[in-house]
There are 2 protein chains.
Amino acid sequence: MSSYKDKKVITIGIVNEITGLSCRMIRYYESRGLIFPERTERGTRKYSFSDIELLMEIANKREEGIQTYEIKKELQNENKDREVRDHMIRGQLNAQFNLKKL
Amino acid sequence: MSSYKDKKVITIGIVNEITGLSCRMIRYYESRGLIFPERTERGTRKYSFSDIELLMEIANKREEGIQTYEIKKELQNENKDREVRDHMIRGQLNAQFNLKKL
DNA sequence: CGTGTAAGGAATTCTGACACG
DNA sequence: CGTGTAAGGAATTCTGACACG
């Protein structure tokens with residue numbers, strides 16, 4: 001779908017510039033399972049624009065005092081919601097398709 | 001228009017990984033006026049996905065033996081073509097708009 | 001002209017740890 | 001728990017130059 005948005009090509013220094021989050025924080029959120037950067041051959045972390053957006057969301061929730069563990073659960077629920085929605089849309093499309101076949 | 005595609009956030013090492021062009025070549029094409037990366041505060045070059053696509057085009061033309069100066073002219077013509085096309089489209093839209101006013 | 005490379009320095013990134021709270 | 005920081009090493013990037021053709 002989104003070819004540029006999800007490509008992991010941005011180093012941590014640039015992510016720090018864009019989000020304002022310290023490298024320490026960015027790496028910590030990774031260790032807590034909130035984000036999943038890729039690595040270059042020699043181990044340098046690479047992030048996508050999606051990761052950056054996610055980090056901004058995380059930063060907002062942290063400002064509200066929400067702990068990383070809670071944030072992780074919220075993110076998982078968001079994904080579940082998306083799956084449910086997609087599943088329903090697919091179900092409706094199939095229903096329409098089946099009606100046409102009648 | 002394209003928010004991610006044109007954002008300059010990719011370091012030269014990643015561009016090298018993606019395009020296969022050596023850092024030397026990438027910097028040389030810049031010195032010849034074919035690409036225009038931005039810089040971080042301390043001088044590290046930053047490229048966009050558009051720059052990467054442009055570099056692939058340049059690489060193709062170089063393989064055909066076309067010199068950088070010629071490539072530069074071709075790129076400028078492409079931009080001119082685009083401008084002309086955009087101008088014409090705008091002209092047609094205006095013409096239709098004016099017709100409706102009659 | 002276009003590209004490789006060695007050179008020297010500066011800035012980046014990485015990990016594991018101590019600190020505070 | 002979440003974040004800062006100093007530590008030491010490894011990898012990156014930068015520039016200007018010499019080389020070949």
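Sequence lines set the chain letters: A, B, ... in the order given, protein chains first and strands last, and positions in each chain run from 1. Note that this is a predicted model, so its numbers are computed, not measured.
For A/Glu78, the side chain to side chain contact (heavy atoms under 4.5 Å, CB included) partners are A/Glu57, A/Lys61, A/Leu75, not counting sequence neighbours. Scanning for side-chain hydrogen bond (donor to acceptor under 3.5 Å, both in side chains) contacts around A/Gln67 gives an empty result, with sequence neighbours left out. Residues passing the side chain to side chain contact (heavy atoms under 4.5 Å, CB included) test with A/Tyr28 are A/Arg24, A/Ser31, A/Arg32, A/Thr68, sequence neighbours excluded. A/Asp6 meets the side chain to side chain contact (heavy atoms under 4.5 Å, CB included) test with A/Ser2, A/Ser50; sequence neighbours excluded. Partners of B/Lys8 according to the side-chain hydrogen bond (donor to acceptor under 3.5 Å, both in side chains) rule, which considers only residues two or more places apart in sequence or in another chain, are B/Asp51. With sequence neighbours left out, B/Arg62 forms a side-chain hydrogen bond (donor to acceptor under 3.5 Å, both in side chains) with no residue at all. By the ring pair (Phe, Tyr, Trp, His ring centres under 6.0 Å) test, A/Tyr4 is found to be paired with B/Phe49, residues two or more places apart in sequence or in another chain being considered.
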Counting primed atoms, P, OP1 and OP2 as sugar-phosphate and everything else as base, the B/S/- map of nucleotides 8-17 of chain C against protein heavy atoms under 4.0 Å is ---SSSSB-B

Given Watson-Crick or G-U pairs with both distances under 3.5 Å, what dot-bracket string fits DNA chain D, with | for other-strand pairs and [ ] for crossing?
.||||.||.|.|.||.||||.

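Under the 4.5 Å side-chain heavy-atom criterion for Ile, Leu, Val, Met, Phe, Trp and Tyr, A/Tyr69 and A/Ile35 are members of distinct hydrophobic clusters.
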Assess the residue pair A/Lys46 and A/Arg39 against the criterion (side chain to side chain contact (heavy atoms under 4.5 Å, CB included)); give the C-alpha distance rounded to whole Å, side-chain angles, the decisive distance to 0.1 Å, and a yes or no.
CA-CA 6 Å; A/Lys46 295 184 294 185; A/Arg39 299 279 185 138; 5.9 Å; no

Residues B/Ile26, B/Tyr47; criterion side chain to side chain contact (heavy atoms under 4.5 Å, CB included); working and verdict:
CA-CA 10 Å; B/Ile26 298 169; B/Tyr47 302 85; 3.3 Å; yes

Atom pairs and distances, side-chain donor-acceptor, residues 9-19 of chain A, under 3.5 Å, sequence neighbours left out:
from    : atom 1 : to      : atom 2 : distance (Å)
A/Asn16 : ND2    : A/Leu21 : O      : 2.6
A/Thr19 : OG1    : A/Val15 : O      : 2.8
A/Thr19 : OG1    : A/Leu21 : N      : 3.1

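At a non-hydrogen distance threshold of 4.0 Å, A/Arg62, A/Gln67, A/Thr68 from residues 49-72 of chain A come into contact with DNA chain D. Listed by residue number, the members of residues 31-38 of chain A with any heavy atom below 4.0 angstrom from DNA chain C form an empty set.
Put simply, the side chain of B/Leu34 does not reach to within 4.5 Å of the side chain of B/Leu54, judged on heavy atoms.
Of the side-chain N and O atoms in A/Tyr28, none sit less than 4.0 angstrom from OP1 or OP2 of D/dG4.
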